[in-house]
Every structure is written in structure tokens, then in C-alpha cells.
Amino acid sequence: MCGVKGKIITFTPTAQHPATGLRKRGEVKLIAKGAVALTSAAVVSLLPATAFAGTAGSSKTAPVADVEINAPGASAQARWYTLRHEALGPGKRLSAGIWKRPSGVRVMQVKARCWGNDSRIRVDLVYRRRYALGDKTAKSGTWSCNGGYGIVRIHNAGHRDYYANFILDKKHTVEYWVQYYK
């Protein structure tokens with residue numbers, strides 16, 4: 001059974017496909033730009049079965065069209081998500097509060113900026129360990145306070161709790177973003 005609604009085609013296979021002989025139940029939604037659409041299991045054709053019939057030695061195939069499949073399990077494209085964005089200060093030694101790494105996240109970064117070309121900022125991305133082991137700096141970066149932001153990024157992050165320290169030469173306000181890539 002096949003129904004066409006604009007460009008979205010709903011197809012419910014009930015019999016064997018003439019080219020592959022596969023049988024599949026359920027509904028598959030396709031957005032097709034031509035007469036033929038591909039699914040993960042078989043070639044689904046809107047042409048009659050006689051289009052595939054030929055002599056024993058011939059190798060006829062159906063024409064292939066541009067296809068976009070809307071599958072419910074398709075994953076979204078990875079991108080940067082902002083976990084926290086705020087401004088601290090003015091001060092010389094500032095600290096962002098502790099945040100928890102989201103499940104499954106391996107790449108994290110802290111973007112920070114400050115103004116007043118007369119000083120520099122150092123950003124330490126720190127992870128927390130068990131009490132007896134103390135905290136450890138995962139990555140550190142230094143740049144000037146010129147209004148542009150710098151990035152301190154770690155890959156393969158595996159600890160649960162993180163925080164950032166901002167150390168400046170002179171008192172300034174620091175704007176920062178905590179981000180992760182997933």
C-alpha cells in the first residue's frame with residue numbers, strides 16, 4: 001500500500017519486492033525526489049513490477065533518485081552547548097563555581113575574556129578528585145585582556161566535577177562561557 005502526500009511518501013510493504021525478494025512489515029516514511037527511494041533493507045520502487053522483468057541474461061535496474069530519509073533514530077549533528085555563561089569581578093583572583101560534566105561528554109572548554117589592555121589573564125581548567133588526592137589542573141592558558149576571548153579546551157574529559165580559576169595582573173571583570181561538545 002502506498003500513499004503520496006506532497007513530497008512525503010508513506011509506504012507499507014505487504015508483499016515481496018520483485019528485485020530483492022525481501023518482505024518487511026511496518027511503515028517507512030521517505031522524502032523522495034524521484035520514482036525510486038532507498039531504505040536500509042531494500043530498494044522500494046513506485047514502478048510496476050513489470051519494469052524489472054526482462055530476459056534471463058539482461059541486467060535492468062531501476063533509476064536511482066535523490067533521497068532523504070527521516071528515520072526516528074537518526075542522530076543530530078554534534079555541536080557546542082553552553083553549560084554556563086556569566087561575568088565575575090572585578091577582581092584579581094576569581095573562580096567559577098563547580099559544575100558537573102554531562103553524561104557522555106568528552107570535549108569541554110572554557111572561553112573567557114576581559115578588557116583593559118594593561119594586563120593578562122590566566123585561565124586554569126581544574127578537575128576534582130577524591131578528597132585525599134586533591135584537585136588537578138587539566139589545562140591552562142594565558143592571553144592578554146584586549147576584549148577578545150581565549151579558549152582552554154580539554155579532550156577525553158572523564159571526571160565528574162570541574163571548575164575554572166581566573167588569575168589577572170590587575171583588577172578586571174571576566175566574562176566566561178563553559179561549553180561542551182556533543
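Treat the numbers as computed from the prediction; the structure is a model and nothing was measured. For the numbers below, each heavy atom of this structure counts, side chains included, while hydrogens, waters and symmetry mates do not.
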- Over-ring placement of Lys136 relative to Tyr127, 6.0 Å and 45° cut-offs: no
- ring-ring contact (aromatic ring centres under 6.0 Å, His included) partners for Tyr162, two or more places apart: none
- Task: For the pair Thr137 and Leu125, evaluate side chain to side chain contact (heavy atoms under 4.5 Å, CB included) and give the outcome as yes or no after the intermediate values.
- Result: CA-CA 6 Å; Thr137 300; Leu125 180 55; over 6 Å; no
- Of Val178, Ile151, Val152, which meets side-chain contact (heavy atoms from CB on, under 4.5 Å) against Gln109? Ile151
- Task: Would you list the pairs meeting ring pair (Phe, Tyr, Trp, His ring centres under 6.0 Å) in which at least one residue belongs to residues 76-98, sequence neighbours left out?
- Result: Trp80-Tyr181, Tyr81-Tyr180, His85-Trp177
With a cut-off of 3.5 Å and sequence neighbours excluded, list every side-chain donor-acceptor pair involving residues 97-107.
| from | atom 1 | to | atom 2 | distance (Å) |
| --- | --- | --- | --- | --- |
| Lys100 | NZ | Asp161 | OD1 | 3.4 |
| Arg101 | NE | His159 | O | 2.8 |
| Arg101 | NH1 | Val105 | O | 3.0 |
| Arg101 | NH2 | Gly158 | O | 3.2 |
| Arg106 | NH1 | Ala157 | O | 2.3 |

- Message: Between Asn165 and Val126, is there a side-chain heavy-atom distance shorter than 4.5 Å?
- Response: yes
- How far does NE2 of His155 sit from NZ of Lys139, to the nearest 0.5 angstrom? 6.0 Å
- Item | Remaining members of hydrophobic cluster (4.5 Å side-chain criterion), Leu133 | none
- Are any of the side-chain heavy atoms of Gln179 and Met108 separated by less than 4.5 Å? no
- Quick one: list whatever passes salt bridge (Lys or Arg N to Asp or Glu O under 4.0 Å) with Glu86, sequence neighbours left out. none
- Task: Starting from Trp115, walk the hydrophobic network (Ile, Leu, Val, Met, Phe, Trp, Tyr; side-chain heavy atoms closer than 4.5 Å) and list everyone else you reach, by chain and number.
- Result: none
- Query: Should Ile167 and Leu94 count as side-chain neighbours, where that means a heavy-atom distance under 4.5 Å?
  - Reply: no
- Message: Going by the rule side chain to side chain contact (heavy atoms under 4.5 Å, CB included), which residues pair with Lys170 if we only count those two or more places apart in sequence or in a different chain?
- Response: Asp118, Ser119, His172
- Task: Using side-chain hydrogen bond (donor to acceptor under 3.5 Å, both in side chains) as the criterion, list what pairs up with Arg84, not counting sequence neighbours.
- Result: none
- Item | By side-chain hydrogen bond (donor to acceptor under 3.5 Å, both in side chains) - contacts of Thr173 (at least two apart) | none
- Item | Residues which pass side-chain hydrogen bond (donor to acceptor under 3.5 Å, both in side chains) with Asp124, listed by chain and number, not counting sequence neighbours | Arg122, Ser140
- Is the closest side-chain heavy-atom distance between Ser95 and Tyr163 below 4.5 Å? yes
- Taking every non-hydrogen atom, the tightest pair across Tyr176 and Ala96: OH-CB, 3.4 Å
- Got a sec, which residues hit salt bridge (Lys or Arg N to Asp or Glu O under 4.0 Å) with Arg128, two or more places apart in sequence or on another chain? Asp135
- Please answer whether the main-chain N or O of Asn117 pairs with a side-chain N or O of Asn146 as donor and acceptor at a distance below 3.5 Å. no
- Item | Qualifying disulfide bond (SG atoms under 2.5 Å apart) pairs with a residue from residues 86-181, counting only residues at least two apart or across chains | Cys114-Cys145
- Query: Does Phe166 reach the side chain of Val110, with side-chain heavy atoms less than 4.5 Å apart?
  - Reply: yes
